[in-house]
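Since the structure comes first, as structure tokens, the remarks are kept for the end.
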Amino acid sequence: MRYWLMKSEPGTYSIEDLERDGVTGWEGVRNYQARNFMRDEMHLGDRVLFYHSNAKPPGIVGLAEVCREGYPDETQWDESSSYFDPKATQEKPIWWRVDVKFMKKFPEILSLDTLKQDPHFEGMLVIQRGARLSVQPVDKRHYQAVLQHFTK
DNA sequence: GCCAACGTTGGC
DNA sequence: GCCAACGTTGGC
């Protein structure tokens, strides 16, 4: 099993939205590196740290699980969508997504500020300056440190 | 709202 | 294939 962190702006799609929906398709990712992770490397049962970006404060707010592996993101063909990509065809899709299932919402946010200050999280991609990747791998030890943080 | 960091595009 | 210009992300 692998571990991931996925960013979403709570104004666009929050952990509360996922809790309500149960399952959601992670559409709209338009970055090749993130696309590659979703298309090639995320597998059923992988755990996902749900991160609120552009939030006050930003941070990890919950847990999800990959429940469908990579498949084409159909918003790329939808002209009315802001995610529409004129270069994508049905034969050759460019963008992929996965589905994730709600697991839990943490009792409080594990803020970016805390992640930066607690040495258990040293080396995590998300605390690196300029780390914009919206789908990123997480080391098992960092994932466990997140769970540990909430069982103290 | 600002702007640093980063990714993409396109002229050459 | 280089790199300047431009667009986006996302913390602050």
CZ on A:Arg97 to OG1 on A:Thr24, rounded to 0.5 Å: 7.5 Å

Sugar-phosphate only, base, or nothing, as touched by A:Lys87 at under 4.0 Å among non-hydrogen atoms: sugar-phosphate

Pairs meeting criterion ring-ring contact (aromatic ring centres under 6.0 Å, His included) with involvement of residues 96-130 of chain A, two or more places apart: A:Phe106-A:Phe150

Base-contact (B) and sugar-phosphate-only (S) positions in nucleotides 2-11 of chain C, heavy-atom cut-off under 4.0 Å, - elsewhere: -----BBBBB

Ring-face cation of A:Arg39 near A:Phe37 (centre distance under 6.0 Å, axis angle within 45°): no

A:Arg2 side-chain N/O to A:Met42 backbone N/O, donor-acceptor pair under 3.5 Å: no

Pair A:Trp26 and A:Phe50, ring centroids less than 6.0 Å apart: yes

Along DNA chain B (nearest heavy atom to each residue), the more 5'-positioned of A:Arg129 and A:Tyr32: A:Arg129

